[in-house]
Amino acid sequence: MALRGGSATSWFNGETHPRKITASAVWLCLCVCFFSAAEAGLYTTSDQIIVLTPENVKSVLFNSSAAVVVEFYASWCGHCVAFSPVYKTLARDIKEWKPAVDLAAIDCAAEANRKVCVDFSITGYPTLKFFHAYSKTDSIGQLIKGFPRDVQGLRHRIIDKLETHQEPWPPACPPLESTSQAEIDSFFKTNSVHHLALIFQDRNSYIGQEVILDLLQFENITVRRILRTEESLVTKLGVTEFPSCHLYYRDGNSIRVKVTNEARTFYSFALQRLPGVVRSGKRPPDTTVPITNNTEEAWRPFNRSRVYMADLESTLHYSLRVELAAQTIINREALIYLKKYISVLTKYFPGRPMVMNLLQSVNSWLQNQTGNEVSYKAFEEILDNSAQAPNTALPEGVRWVGCQGSQPHFRRYPCGVWTLFHVLTVQAKNSGSSDSQEVLSAMRGYVQRFFGCRPCAEHFENMAQESMVEVNTLSSAVLWLWSRHNRVNNRLAGDLSEDPNFPKVQWPSPEMCSACHAVKNNGDHRWNHEQVLSFLLSYYSSNSILTDYLEDESKILAKQSEKHAIQQLALEAKKRVERKAREALASKTLPPLSQPTVPEQEEEEEEEEEEGPQDETVTDEEAEGAEGAEGAAVAADEIEGKSSDPTPWAKPEMEVGRGRRQANRKPSIVGMRMRDLQEDIVDLDSFVNEHYKAKALRVAASSRVKQRTLQRKEEQENGPVFGLGMELDTGLGMVGLKPMESDFEQVVGHQRKKRDLTGQYFGEEAEFSHRRRWMSLLSVGFSKVDISLCVILYFLSTMCLLAMYLFFKKRLRIRRAKFALP
């Protein structure tokens, strides 16, 4: 993650106060109480300290091009716990020395590491040992006896150990000894660097060695130290103050480097900023042309000392629409973190009215969610203002300004996240929030659960666990976030993620806030926290945020309305397609109206076996009539602008017909199987009233129906009866009755038994229907054999009853005669 104005370098000197050391020790001791020694290591890779294990100890300590300082500690040791913040600060302080010096640590309390500590003759904790470059495999290191508990003292001990290295001198370490005038005069004959920096110092000073190591990772500059005793060179260059820094050039001229304080930190920062000086492996920025980028967007010139609202809105867009979108379902702790995050944004984000309205809408919706989870799709609908609330929108897309990078993978969103949280902490301070950790806890939860860079989230969580508990005021919250940001940038300085056009420096730089920097009595750099706080409150104030490059609100709202309208049209089209697909599927799965279902076919086959062949075949005219009815249905649908699917009433009629057959079906008893009625009776008036729209269908098919009717008339015999001719009176919409043959009536009757009611042949003459109803009642679906058996049984029963009657009557007479005798 990159800071807006730049990022960290190695000259950061963290201050270690006794109270902070004590608080950290107490916190870490509590951790020891709950975790085993193996799990309670005091250091992680986030601390820029190599964590040694039995697997990597040999490769790190032996035959290495860099010297290594190793701390052997026990995680249960109180003194080790108290020393760990100092060791971590030392790692950040000498981060730029890494090609020459590395820091490592191993927890001897872990059983897995116990043998390693025994092999290096460790009997007490904490123990520091120094391993020279290219140490042999049998080396146990040099013990640093009575090492100091402050960063400066440890730094000086390391330099002393480096200077005692025997020949050959390790190539990764620059020469640390003092330089003579003869060497300076011949320097440019054998070197092609742009700058030669000379540090004039006293004999007991370490500032020259420290600056040499600080510039170790930078090209086009060489640093040498000159002692006060080198009088000829001191006199030649007119040096009167010690320490001081001068630049020496090929023509013999020199200029003094002007800094706020004559100290290591200020020298290192000034030399790293010289023209042509670039970190090793990095492309030097071209200062002769304006800064541009290699992205598709045009470069937007900006003021590096200001915050831009475009960056904040771009961060909100990416955070809420991209990062959160990775969570299909947001539940449990993630939902709690999201609620806190949105709540903090609603309270303290200094946005435009339409953005604030949207944040309030989202926050209200989230707070009203009483369940344990929400879907991102539902969240997105609120975020996109699907309800179309007035003057409510969050601009879509990113428009980076102060967080621009020279490449698409530089700065941008990480820079925007840091800027956003700095603004929120300052706004909480200015608004007088009652919770000092409200913004920090929301930021911690968001980074832990939603931030895409998982190693970044892990590093931030380690920092939060280490010291966020110490934050107890709003001012300390602002300073805590600032110091951790500088720590992160210190760790990432020189990383592949560093933008060469925005080199990482400790922020704010002396150029931006000279009062923020000070020097301790021992010459080390320190931050003036009062001045830093004042600078941060001013820099991130809502009044200082620039609105350049923002898209006009009216355009944003118009785009949102247009997007909403397009989504509605797309949704309607999707529903229409789905409905048509369902109707098409239903039309394929339903059986054709003119064909009996499988159970009906089986039943009819059984009837034919019992009763013999029946004249039930459908004539060609009837088939043509069915085709005509189907064509009429298509024509009617086209007239009404509908699809040619079955009419709405077709399926209900089919169900009604099936229901009637099921109701009339009787169980078979002793071979006497109940059969369906010969025909169904339909009320023509109710049919016409319920399906008045059918007249349009019949009008379209009238021509073919008439042709079929005429053909049937020619085949009729004498003795006409009345039947339904399916011809419509276009004026009244009534069904006309036409004379039909009785034989044909039998065919039609049987056809109705085989088909569901489809509206093709309905009605009969009332008298004939009444007579057929009685006939149907008498037959009850029995066969001739069944009727014969019934007659025989009834006859036998009658004879039995008659015999019984005569028998009992005769007996009664006999008894009466006996009683009458004297």
Side-chain angles (χ1 to χ4, degrees), residues 1-7 297 299-321 341-360 362-363 391-405 411-433 438-440 442-443 446 474-475 477-479 481-482 485 502 507-509 511-513 516 531-557:
M1 301 183 187
L3 196 62
R4 296 191 70 262
S7 304
E297 301 177 4
W299 181 260
R300 302 181 181 95
F302 68 96
N303 185 347
R304 297 196 184 190
S305 62
R306 302 295 293 274
V307 176
Y308 287 82
M309 181 58 70
D311 292 326
L312 299 178
E313 290 186 355
S314 298
T315 302
L316 282 184
H317 160 78
Y318 197 90
S319 170
L320 300 178
R321 290 198 175 103
Y341 179 52
I342 298 297
S343 177
V344 165
L345 289 175
T346 304
K347 288 182 180 180
Y348 306 121
F349 185 76
R352 294 186 280 179
M354 67 172 185
V355 177
M356 297 310 300
N357 290 339
L358 180 72
L359 290 176
Q360 292 172 2
V362 174
N363 184 56
N391 195 29
T392 303
L394 175 64
E396 296 191 24
V398 294
R399 186 174 295 195
W400 305 112
V401 181
C403 287
Q404 290 178 100
R411 308 182 78 224
R412 297 194 166 204
Y413 178 60
C415 166
V417 170
W418 280 112
T419 305
L420 173 63
F421 285 123
H422 281 301
V423 169
L424 294 177
T425 54
V426 170
Q427 291 302 115
K429 162 68 176 174
N430 292 336
S431 63
S433 173
E438 181 180 14
V439 175
L440 295 182
M443 176 183 180
Y446 173 81
L474 296 173
S475 297
V478 175
L479 291 174
L481 185 62
W482 158 79
H485 191 177
F502 299 89
W507 191 85
S509 66
E511 299 171 347
M512 185 174 290
C513 179
C516 296
Q531 293 297 326
V532 171
L533 179 62
S534 177
F535 172 82
L536 294 174
L537 294 178
S538 173
Y539 185 85
Y540 291 110
S541 172
S542 59
N543 298 327
S544 301
I545 299 176
L546 299 181
T547 58
D548 300 357
Y549 303 106
L550 284 178
E551 188 176 4
D552 186 72
E553 291 188 28
S554 59
K555 293 182 179 179
I556 295 173
L557 295 173

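Sequential numbering from 1 along the given sequence is applied to the chain's residues. These numbers come from a predicted model, not from an experiment.
In this structure a side-chain-to-backbone donor-acceptor pair under 3.5 Å is missing from E551 to I556. Without hydrogens or angle criteria, N363 side chain to T346 main chain gives no donor-acceptor distance under 3.5 Å. Side chain of E313 to main chain of A310: no donor-acceptor pair is present (N/O by atom type, distance under 3.5 Å, no hydrogens or angles). Checking side-chain atoms of R306 against main-chain N and O of S544 turns up a donor-acceptor pair under 3.5 Å.
Aromatic ring pairs are classed by plane angle as parallel below 30°, tilted from 30° to 60° and perpendicular above 60°; the pair W507 and H422 is tilted. Ring geometry for W400 against Y413 counts as tilted: the plane angle lies between 30° and 60°, on a 0 to 90° scale.
Contact annotation: the side chain of R304 never approaches that of S509 to less than 4.5 Å [non-hydrogen atoms, C-beta and beyond]. Looking only at side-chain heavy atoms (C-beta outward), Y446 and S319 come within less than 4.5 Å of each other.
Taking the six-membered ring where the residue is Trp, the centroids of W482 and F535 are separated by 6.0 Å or more.
In this structure, the salt bridge (Lys or Arg N to Asp or Glu O under 4.0 Å) partners of E396, at least two apart in sequence or on a different chain, are K563. Shown here are the side-chain contact (heavy atoms from CB on, under 4.5 Å) partners of N391, two or more places apart in sequence or in another chain: P353, M354, N357, E553, L557.
Between I342 and L359, the closest heavy-atom pair is CG2-O, 4.2 Å.
Results of the side chain to side chain contact (heavy atoms under 4.5 Å, CB included) test with L481 over V439, L440, L536 single out L440 as the only residue that passes. Of the options S343, S431, S433, a side chain to side chain donor-acceptor pair (under 3.5 Å) to Y348 is made by S433 and by none of the others.
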